[in-house]
Chemist: 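Can you keep this structure in mind? I'll have questions shortly.
All ligand and atom numbering here is 1-based and tracks the order in the structure.
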Amino acid sequence: MKLVVTGGAGYVGSVCARVLIEAGHQVTVVDNLSVGNRDAVPAEAEFVEGDISAVADDLLAGTEFDGVLHFAAKSLVGESVHHPELYWQGNVVESLALLEAIRVHQVPRLVFSSTAATYGEPDSVPIVESSPTRPTNAYGATKLAIDHAITSYTVAHDLAAVSLRYFNVAGAYAGAGENRPVETHLIPLVLQAALGHRDKVSIFGTDYPTDDGTAIRDYIHIYDLAQAHLLALAAATPGRHAIYNLGSGTGFSVRQVIDTCREVTDIDIPVVETSRRAGDPAVLIASSDKAIAELGWQPDKTELAGIVTDAWDYIRALGDRAHSARS
Ligand code: UFG
């Protein structure tokens with residue numbers, strides 16, 4: 001298929017673009033490079049630099065695309081609490097511009113990066129797709145708003161749409177991994193501390209109602225996540241907005257993640273305990289049964305140690321490259 005990948009210079013978008021190309025699709029990446037790296041865009045992809053609202057209409061008018069995979073977004077929970085305006089503009093306004101370009105130029109398929117953050121603090125885990133959606137931060141609220149807009153477009157305009165609600169994506173694939181200008185995600189932060197690029201790691205909150213007092217998350221390997229996008233694209237049905245959770249189904253606390261990083265790296269990473277980060281729920285664990293049953297998704301790399309090992313290999317290679325570029 002001929003596909004547009006928004007946010008294809010970011011972590012998730014660039015790995016998915018790579019996997020789509022490996023599967024034989026033609027990919028055009030749209031990215032404003034506000035967070036992404038031009039180098040992360042696969043060499044085989046066309047590249048259009050700019051905001052979606054500035055470039056999507058012309059791009060979709062000029063070529064008959066078979067689908068859009070929409071990854072571009074602001075995606076930091078903490079930042080969204082303090083600067084919601086960035087999220088309503090950057091996520092909702094930009095996504096509505098994309099939906100309009102899709103409608104006007106009759107692109108038949110859309111796969112959207114939704115998130116576990118749409119559910120907020122769940123009543124029970126694992127979280128299923130019919131669980132209540134009560135986001136506790138603007139990031140989740142904006143992603144949920146876009147999901148609602150997509151539902152209306154699929155019904156009214158016969159769009160075939162799939163939203164994939166990611167839990168905590170981590171790991172690396174084919175030399176592509178987490179490399180953001182400002183890092184806030186747990187696993188890369190812990191591994192940067194192991195490399196000595198940071199003094200220590202902060203544990204945000206030790207008073208959660210969990211066994212060890214730290215927050216629990218469900219970590220999913222980026223490669224498994226990318227495979228789900230291929231399946232979603234193939235399964236998208238006109239007039240239907242299907243929503244699937246994607247996780248491994250197992251929760252790990254912040255302390256367990258740090259311990260796993262210590263085991264994988266064999267380095268005693270220093271930690272400090274601090275207060276909770278605003279907007280963080282206590283426990284998020286996915287049920288991915290629907291994706292497994294309906295899409296035929298088979299997550300393969302579900303061991304946390306394997307996810308951390310891939311991230312560690314990537315981050316060390318990145319450290320070496322950064323070092324040789326400086327020297
Ligand atoms: N954490 C720390 N110290 C840090 C960084 C994070 O203790 O230095 C904790 C957080 O408080 C949280 C856990 O580690 O409890 C994971 O935090 P991340 O920032 O790695 O990930 P989030 O859970 O906040 O968010 C991620 C994605 C979102 C997605 C969400 C759904 O960034 O897009 O998972 O679970 F919505």
Chemist: Which residue in the set Trp297, Tyr166, Phe112 passes ring-ring contact (aromatic ring centres under 6.0 Å, His included) when paired with His229?
Modeler: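 In the set Trp297, Tyr166, Phe112, the residue that makes a ring-ring contact (aromatic ring centres under 6.0 Å, His included) with His229 is Tyr166.
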Chemist: Which of the atoms of ligand 1 are close to Thr115, meaning less than 4.0 Å from one of its heavy atoms?
Modeler: 29 (C), 36 (F)
Chemist: List ligand 1 atoms under 4.0 Å from Ile203, heavy atoms only on the residue side.
Modeler: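 Close to Ile203: 7 (O).
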Chemist: Are there more than 12 heavy atoms of other residues, nucleotides or ligands under 6.0 Å from atom CD of Gln106?
Modeler: no
Chemist: Quick one: look up the protein heavy atom nearest atom 21 (O) of ligand 1 and list residue, atom name and how far away it is.
Modeler: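 Looking at atom 21 (O) of ligand 1, the protein heavy atom closest to it is Asn168 ND2, 3.1 Å.
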Chemist: Anything under 30° is parallel, anything over 60° is perpendicular, the rest tilted; go ahead and classify Tyr223 against Tyr173.
Modeler: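 Tilted.
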Chemist: Checking a contact table here: which protein heavy atom is nearest atom 28 (C) of ligand 1, and how many Å away?
Modeler: Tyr139 CE2, 3.7 Å
Chemist: Show the atoms of ligand 1 that are less than 4.0 angstrom away from any heavy atom in Asp280.
Modeler: 10 (C), 11 (O), 12 (C), 24 (O)
Chemist: To which protein heavy atom is atom 32 (O) of ligand 1 closest, and what is the distance rounded to 0.1 Å?
Modeler: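 Of every protein heavy atom, His185 NE2, 2.7 Å lies nearest to atom 32 (O) of ligand 1.
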Chemist: Side chains of Ser288 and Asn245: any donor to acceptor distance under 3.5 Å?
Modeler: no
Chemist: Taking the basic N atoms (NZ, or NE/NH1/NH2) and the acidic carboxylate oxygens, is any pair closer than 4.0 Å for Lys301 and Glu303?
Modeler: no
Chemist: If you have a sec, work out which protein heavy atom is nearest atom 8 (O) of ligand 1 and how many Å separate them, to one decimal?
Modeler: Leu189 CD1, 3.3 Å
Chemist: Just jot down the ligand 1 atoms closer than 4.0 angstrom to any heavy atom of Ala116, in number order.
Modeler: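 Near Ala116, the atoms of ligand 1 are 31 (C), 35 (O).
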Chemist: Using a 6.0 Å cut-off, check whether atom CD of Glu64 has over 12 heavy atoms from anything other than its own residue.
Modeler: no
Chemist: Could you tell me which atoms of ligand 1, counted from 1 in the order shown, lie closer than 4.0 angstrom to a heavy atom of Ser75?
Modeler: 32 (O), 33 (O)
Chemist: For Glu46, is the CD atom crowded, meaning more than 12 foreign heavy atoms sit under 6.0 Å from it?
Modeler: no
Chemist: Looking only at heavy atoms, what is the nearest atom pair of Ala40 and Ser14, with distance?
Modeler: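 Ala40 and Ser14 have their closest heavy atoms at O-CB, 3.4 Å.
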Chemist: Show which atoms of ligand 1 fall inside a sub-4.0 Å distance from at least one heavy-atom site of Ala117.
Modeler: 36 (F)
Chemist: Where does Arg277 meet ligand 1, judged by heavy-atom distances below 4.0 Å: at the side chain, the backbone, both, or neither?
Modeler: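 Just the side chain.
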Chemist: With a cut-off of 4.0 Å, which atoms of ligand 1 are near a heavy atom of Tyr219?
Modeler: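 Per the distance check, 16 (C).
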Chemist: For a quick check under 3.5 Å, do His105 and Asp57 share a side-chain donor-acceptor pair by atom type?
Modeler: yes
Chemist: Starting from atom 7 (O) of ligand 1, which protein heavy atom do you reach first, and at what distance in Å?
Modeler: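 Going by distance alone, atom 7 (O) of ligand 1 is nearest to Phe204 N, 2.9 Å.
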Chemist: For ligand 1, is any non-hydrogen atom under 4.0 Å from Leu186's backbone (N, CA, C, O), its side chain (CB onward), both, or neither?
Modeler: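 For Leu186, backbone and side-chain atoms both sit under 4.0 Å from ligand 1.
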Chemist: So if I count the atoms of ligand 1 from 1 in the order they appear, which ones are less than 4.0 Å from some heavy atom of Thr184?
Modeler: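 By the 4.0 Å cutoff, the relevant atoms are 5 (C), 19 (O).
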Chemist: Check this for me: does any side-chain nitrogen of one of Asp147 and Arg165 sit under 4.0 Å from a carboxylate oxygen of the other?
Modeler: yes
Chemist: Decide whether an N or O pair under 3.5 Å exists between Ser202 and ligand 1.
Modeler: yes
Chemist: Do me a favour and list the nearest non-hydrogen protein atom to atom 15 (O) of ligand 1 with residue, atom name and distance?
Modeler: Ala215 CB, 3.2 Å
Chemist: Output yes when a side-chain donor or acceptor of Tyr139 lies under 3.5 Å from a complementary backbone atom of Val81, and no otherwise.
Modeler: no
Chemist: Name the closest protein heavy atom to atom 9 (C) of ligand 1, giving the residue it belongs to and the distance to 0.1 Å.
Modeler: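 Atom 9 (C) of ligand 1 sits closest to the protein heavy atom Val254 CG2, 3.8 Å.
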